[in-house]
*Asks:* 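First, the structure itself, so that you have it in front of you.
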Amino acid sequence: MNWIDIGALEDIPAQGARVIKTAKGCVAVFRTAGDEVFALDDRCPHRGGPLSEGIVHGAQVTCPLHNWVFDLATGQAQGADEGQVATYPVRVQGGRIMLDAARLQRRSAA
Amino acid sequence: MMGERLVVIGAGMASGRVLEHLVEAAPDAFDITLFNAEPRGNYNRIMLSPVLSGEKAYAEIVTHDADWYARHGIATRFGEHVTRIDRARRVVATSRGETPYDRLLIATGSAPFIIPVPGRELRGVVTYRDLDDTEAMIAAAKPGAKAVVIGGGLLGLEAAAGLALRGMEVTVIHLMGHLMERQLDPAAGYLLQKALEARGIRIHCKGATKAILGHDRAEAVLLEDGTTYGADLVVMAVGIRPETRLATDAGLDVGRGITVSDAMVTSDPAILAVGECVEHERQLFGLVAPLYDQAKVAAATLLGQEAAFRPVQTATKLKVTGCDLFSAGDFAEGEGREDIAFRDPARGIYKRLVIKDDRLIGAVMYGDTADGTWFFGLIKDATDIAPMRDTLIFGPAHQGGATPDPMAAVAALPPEAEICGCNGVCKGRIVEAVQGGAVTLDSVRAQTKASSSCGTCTGLVEKVMAVTLGDAFAAPAKQTMCKCTDLGHEDVRRLIKARALKSIPAVMQELGWKTPGGCHSCRPALNYYLLADWPLEYRDDRQSRFVNERNHANIQKDGTYSVVPRMWGGVTTPAELRAIADAADKYGVPMVKVTGGQRIDLLGVKKEDLPAMWADLNAAGMVSGHAYSKGLRTVKTCVGSEFCRFGTQDSTGLGIRLEKLLWGSWTPHKVKLGVSGCPRNCAEATVKDVGIVCVDSGYQISVAGAAGMEVKETEFLAATPSEDEACEITAAFIQLYREQAKYLDRPYKWVAKVGLDWVKAQVVEDRANRAALFARFEISQSVYRKDPWAEHAKPEERRLWSAMADLSLEAAE
């Protein structure tokens with residue numbers, strides 16, 4: 001584990017997301033209405049839509065391009081659609097959002 | 001190899017069906033040329049009555065459009081009369097020359113019968129046969145004007161009901177003792193008369209027309225008994241006769257109609273005929289079902305297959321909304337015939353069955369026609385009804401001890417029972433389609449053609465679907481907003497107002513939402529309803545907005561955005577164009593495109609560049625064009641009287657004024673306007689949500705057009721000499737739409753649901769209500785008439801548009 005501070009919880013609107021740039025594309029960091037935080041690849045497996053721009057409802061997000069719905073905790077597509085998005089360990093400490101850089105690194109190396 | 005040359009004369013329902021069969025079975029067998037005297041292709045003639053009444057638009061009843069003919073390589077010669085058939089040389093002649101044929105199909109249909117009374121040639125006397133007649137009637141149908149319909153048969157009554165719906169004072173003159181005497185017995189005729197009279201239509205039976213009075217146009221109708229009725233419009237609907245002149249002149253065998261064999265071939269083996277113009281075994285045909293049977297046979301004959309036309313019994317239904325009427329078979333009284341009758345005067349129900357030799361031979365029903373199909377089946381199959389005679393009149397639900405479940409009647413129908421009379425579709429065919437995966441009405445229509453012609457069997461088709469699918473059948477009427485609630489959009493809108501719910505969590509809590517945060521479908525709808533209903537109290541929730549409205553730009557498939565600055569009324573300046581060009585250069589815009597809405601689209605902009613680009617455009621005086629919103633998009637204009645030699649008013653100026661009035665407003669779906677400076681309509685105003693056409697006397701406002709997946713001409717709302725009033729009516733119409741429509745219904749869909757007459761009453765006739773709507777619109781605009789780009793381009797906002805952190809270097813180590 002290698003926790004990196006990526007910003008304040010307040011920087012993300014509730015029921016919204018912001019992105020983090022990495023060498024292998026963007027990671028979307030979501031904040032739910034209940035202040036839970038999740039990090040997923042910002043790329044829908046269907047047509048590459050930016051999930052960070054989707055509508056967040058409960059602990060799910062709907063892709064803005066073709067309405068695929070993903071569970072934020074597992075990255076699993078819901079309903080009839082099949083597909084999964086990679087998820088990353090993330091936690092909130094004292095109002096700061098911490099992301100596991102080790103996992104990000106492994107993804108980049110893969 | 002070239003196909004045989006097939007020439008078709010007449011684009012009606014019968015010949016249209018022949019063409020469908022031919023291009024489906026053997027697309028290359030014929031080089032087809034289609035002549036039609038009407039300047040248009042094939043449309044569903046039996047749906048002219050809903051067009052007359054305003055319940056449907058012409059575009060909705062077109063069965064074959066130009067694209068269909070083109071796709072199947074059919075050469076169309078519309079508006080060209082065939083004047084002669086030269087059988088010896090095998091050519092048909094029109095005023096423009098001759099066309100050779102190998103096979104000829106005559107489908108000239110019928111002509112309306114004109115009773116030979118004095119005054120029949122006056123202006124204002126029309127028949128009811130085609131779209132031109134229908135349009136002539138619509139043009140004459142001024143509210144309060146008087147119409148006399150001569151003829152109380154099917155067509156006459158549909159015309160009368162349509163004209164009454166358009167606000168005319170209508171009188172029907174009928175020669176016989178009761179209405180629709182060929183289909184109804186006196187008792188059912190009386191009930192029908194009562195129902196029509198209750199709608200304000202005057203019925204005069206046993207009335208013989210003596211003359212139509214008037215100087216240069218019709219003013220009144222005089223009857224033999226001395227009665228006169230004032231008439232601005234006289235509709236003759238007394239009957240039709242086969243149109244046989246061409247065939248007679250060509251020397252073909254003609255009786256009352258063109259004589260055809262079982263194979264639909266005339267006395268000349270190269271020539272076939274179908275439709276209302278033919279006579280088969282001394283019988284003429286007027287209803288659509290046998291015409292479709294003829295079409296099938298004619299297509300087979302043309303393709304060299306054996307086929308024979310066998311006329312079957314047909315049933316009749318009246319297409320007047322609210323008058324439920326069914327008749328089939330023979331119901332005259334006679335030797336050896338028995339009647340079973342059922343009357344419920346309180347509910348206005350009448351049913352009568354005629355039985356001979358233990359077989360049902362006729363049925364007439366009024367008020368409750370649900371069992372009509374079942375009775376019709378018994379007549380066609382000559383079923384022995386002796387075992388169920390006592391309960392026969394109560395219908396199939398009461399046979400064999402079944403419970404009186406409303407679905408039971410349909411469930412009890414055998415597979416061969418006919419459901420759609422127009423297209424001859426039986427229950428088994430529909431069940432087969434449903435089991436094959438057609439679970440929506442549209443897909444059943446597409447696969448079987450059931451309910452695709454006159455539509456009166458739609459309810460029955462839905463019942464068959466429900467019986468087949470069980471719980472899986474979703475009746476279209478009870479649609480819920482989404483899976484998060486059992487309430488429909490209309491219920492939610494009503495409850496938001498009634499219970500003063502002013503936030504999304506309040507709506508979800510009070511109305512029992514089943515999911516924690518709604519979904520992508522209900523959240524944008526709720527956000528819209530709340531901001532439309534509580535403009536001063538509710539704060540727009542960006543996180544409940546679809547990406548385009550949240551980011552004030554249209555997302556593209558690669559995640560970049562398009563930026564469209566507003567160009568008021570489509571007018572720009574060199575300075576604006578320079579600023580746009582500079583922005584395109586500065587932010588590396590890959591494509592600059594002129595839009596259909598008269599402005600410029602900068603495509604391929606990165607999200608993080610949006611605020612800076614907006615700031616640059618703001619600095620040059622430009623604001624958001626809202627090209628991404630369910631809101632006011634563009635007001636398209638032509639140059640109008642300022643420059644154009646035909647312009648009657650300043651259409652550009654009015655367009656700019658309207659756009660400045662309406663911009664920034666949120667609506668249930670996008671709203672586009674057009675303002676044309678004269679009826680040449682260069683701004684294409686008549687396919688917009690609101691279209692204004694300037695004329696010498698002022699402004700004609702029409703609404704509810706569309707030019708997307710559906711194309712629909714606008715419908716006339718109001719005319720006014722005043723530009724101020726045109727603006728007020730437009731804004732009031734949009735406010736009514738904002739307050740009433742379901743989210744994502746374009747105005748044309750909403751108007752179709754509530755009815756144009758209601759809209760007119762709200763925004764045109766009731767001036768106080770119009771003023772109140774306009775005032776509420778202005779209250780909302782006091783909040784929303786502002787540039788969202790300026791707000792997000794503020795320096796402190798800009799960082800929210802780029803990444804929260806950049807780990808690309810660390811991750812690369």
Side-chain angles (χ1 to χ4, degrees), chain A residues 2 4-9 11-29 31-34 39 42-44 47-69 78-79 97 99 101-109, chain B residues 482-485 503-505 508-509 513-527 539-561 606-608 610 628 792 796-797 799-813:
Chain A
N2 176 15
I4 310 182
D5 183 334
I6 54 163
L9 180 65
D11 290 341
I12 307 177
Q15 293 189 307
R18 296 283 300 278
V19 298
I20 292 168
K21 281 190 181 172
T22 79
K24 291 278 178 170
C26 289
V27 171
V29 185
R31 175 182 171 191
T32 67
D42 188 26
R43 199 183 148 74
C44 178
R47 294 278 174 85
L51 295 178
S52 57
E53 297 294 354
I55 288 178
V56 178
H57 42 97
Q60 297 183 327
V61 64
T62 301
C63 176
L65 291 197
H66 306 97
N67 289 339
W68 281 35
V69 179
Q78 304 293 294
I97 301 170
L99 190 70
R103 277 290 296 279
L104 275 183
Q105 221 124 29
R106 278 208 293 284
R107 160 179 177 263
S108 308
Chain B
C482 63
K483 65 182 184 345
C484 306
T485 174
S503 71
I504 290 178
M508 291 183 174
Q509 179 60 36
W513 240 243
K514 294 186 278 187
T515 51
C519 69
H520 60 267
S521 162
C522 61
R523 283 254 301 283
L526 291 179
N527 187 52
R539 257 193 87 225
D540 182 28
D541 176 22
R542 267 188 89 204
Q543 299 313 127
S544 293
R545 291 271 190 191
F546 177 64
V547 54
N548 292 351
E549 294 187 342
R550 187 175 345 111
N551 290 343
H552 296 281
N554 273 317
I555 196 164
Q556 306 298 310
K557 66 175 192 177
D558 62 353
T560 64
Y561 291 83
K606 291 198 273 303
K607 184 184 175 189
E608 54 262 40
L610 289 173
Y628 47 81
H792 291 289
E796 69 273 20
E797 289 279 318
R799 64 178 188 88
L800 297 172
W801 293 77
S802 27
M804 191 178 184
D806 188 346
L807 304 181
S808 43
L809 294 176
E810 277 128 280
E813 277 169 9

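Below, chains carry the letters A, B, ... as their sequence lines are ordered, and counting in each starts from 1.
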*Asks:* How many angstroms lie between CZ in B/Phe546 and OG1 in A/Thr62, if you round to the nearest 0.5 Å?
*Replies:* 10.5 Å

*Asks:* Got a second to check how far B/Leu807's CG is from A/Lys24's NZ, nearest 0.5 Å?
*Replies:*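 The distance works out to 15.5 Å.
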
*Asks:* Side chain from CB out, backbone as N, CA, C, O: work out which of these in A/Pro64 comes under 4.5 Å of a heavy atom of chain B, or both, or neither.
*Replies:* both

*Asks:* Roughly how far, to the nearest 0.5 Å, is CZ of B/Arg550 from CD1 of A/Ile55?
*Replies:*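 One finds 6.5 Å between CD1 of A/Ile55 and CZ of B/Arg550.
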
*Asks:* Given heavy-atom pairs under 4.5 angstrom as the criterion, report whether the side chain, backbone, both or neither of B/Glu608 touches chain A.
*Replies:* side chain

*Asks:* Which atom pair, heavy atoms only, marks the closest approach of B/Gly517 to A/His57?
*Replies:*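 Taking every non-hydrogen atom into account, O-CB, 3.5 Å.
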
*Asks:* Please tell me if the side chains of B/Ile555 and A/Pro50 come closer than 4.5 Å, counting only heavy atoms from C-beta onward.
*Replies:* yes

*Asks:* Within this structure, what is the CD1-CG distance for the pair A/Ile12 and B/Leu800, rounded to the nearest 0.5 Å?
*Replies:* 11.0 Å

*Asks:* Which atoms of A/Ile20 come close to chain B, meaning under 4.5 Å heavy atom to heavy atom: side chain ones, backbone ones, both, or neither?
*Replies:*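 Contact with chain B is through both the backbone and side chain of A/Ile20.
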
*Asks:* Of the listed residues (B/Thr515, B/Asn551, B/Asp541), which shares the most heavy-atom pairs with chain A below a 4.5 Å separation?
*Replies:* B/Asn551

*Asks:* Let me know if B/Ser802 has heavy atoms under 4.5 Å from chain A in its side chain, its backbone, both or neither.
*Replies:*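 For B/Ser802, backbone heavy atoms alone lie under 4.5 Å from chain A.
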
*Asks:* Check whether A/Ala8 gets within reach of chain B through its side chain, its backbone, both or neither, counting any heavy atom under 4.5 Å.
*Replies:* backbone

*Asks:* Any idea which heavy atoms bring A/Ile97 and B/Met804 closest together, and the distance?
*Replies:*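 Taking A/Ile97 first and B/Met804 second, the nearest heavy atoms are CD1-CE, 3.8 Å.
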
*Asks:* Given that the side chain runs from C-beta out, which part of A/Val19 has a heavy atom under 4.5 Å from chain B: side chain, backbone, both or neither?
*Replies:* both

*Asks:* Is the count of non-hydrogen atoms from other residues, nucleotides or ligands lying under 6.0 Å from B/Gln509 atom CD greater than 12?
*Replies:* no

*Asks:* Answer with side chain, backbone, both or neither: which region of A/Val69 has an atom nearer than 4.5 Å to a non-hydrogen atom of chain B?
*Replies:* side chain

*Asks:* Near B/Arg539 CZ, under 6.0 Å, is it more than 12 heavy atoms from other residues, nucleotides or ligands?
*Replies:*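 Atom CZ in B/Arg539 is not crowded, with 12 or fewer foreign heavy atoms closer than 6.0 Å.
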
*Asks:* For atom NZ of B/Lys606, is the number of surrounding heavy atoms from other residues, nucleotides or ligands below 6.0 Å larger than 12?
*Replies:*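 No, not enclosed.
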
*Asks:* Between A/Ala59 and chain B, with a heavy-atom cut-off of 4.5 Å, which part of the residue counts as in contact: side chain, backbone, both or neither?
*Replies:* neither

*Asks:* Of all heavy-atom pairs between B/Pro516 and A/Gly58, which one has the smallest distance, and what is that distance?
*Replies:* CG-CA, 4.0 Å

*Asks:* Check whether any side-chain N or O of A/Gln15 sits under 3.5 Å from a backbone N or O of B/Gln543 as a donor-acceptor pair, and report yes or no.
*Replies:* no

*Asks:* Look only at the side chain of B/Arg523 and the backbone of A/Val56, and say whether a donor-acceptor pair between them is shorter than 3.5 Å.
*Replies:* yes

*Asks:* Report which part of B/Pro505 has an atom under 4.5 Å of a heavy atom belonging to chain A: side chain, backbone, both, or neither.
*Replies:* neither

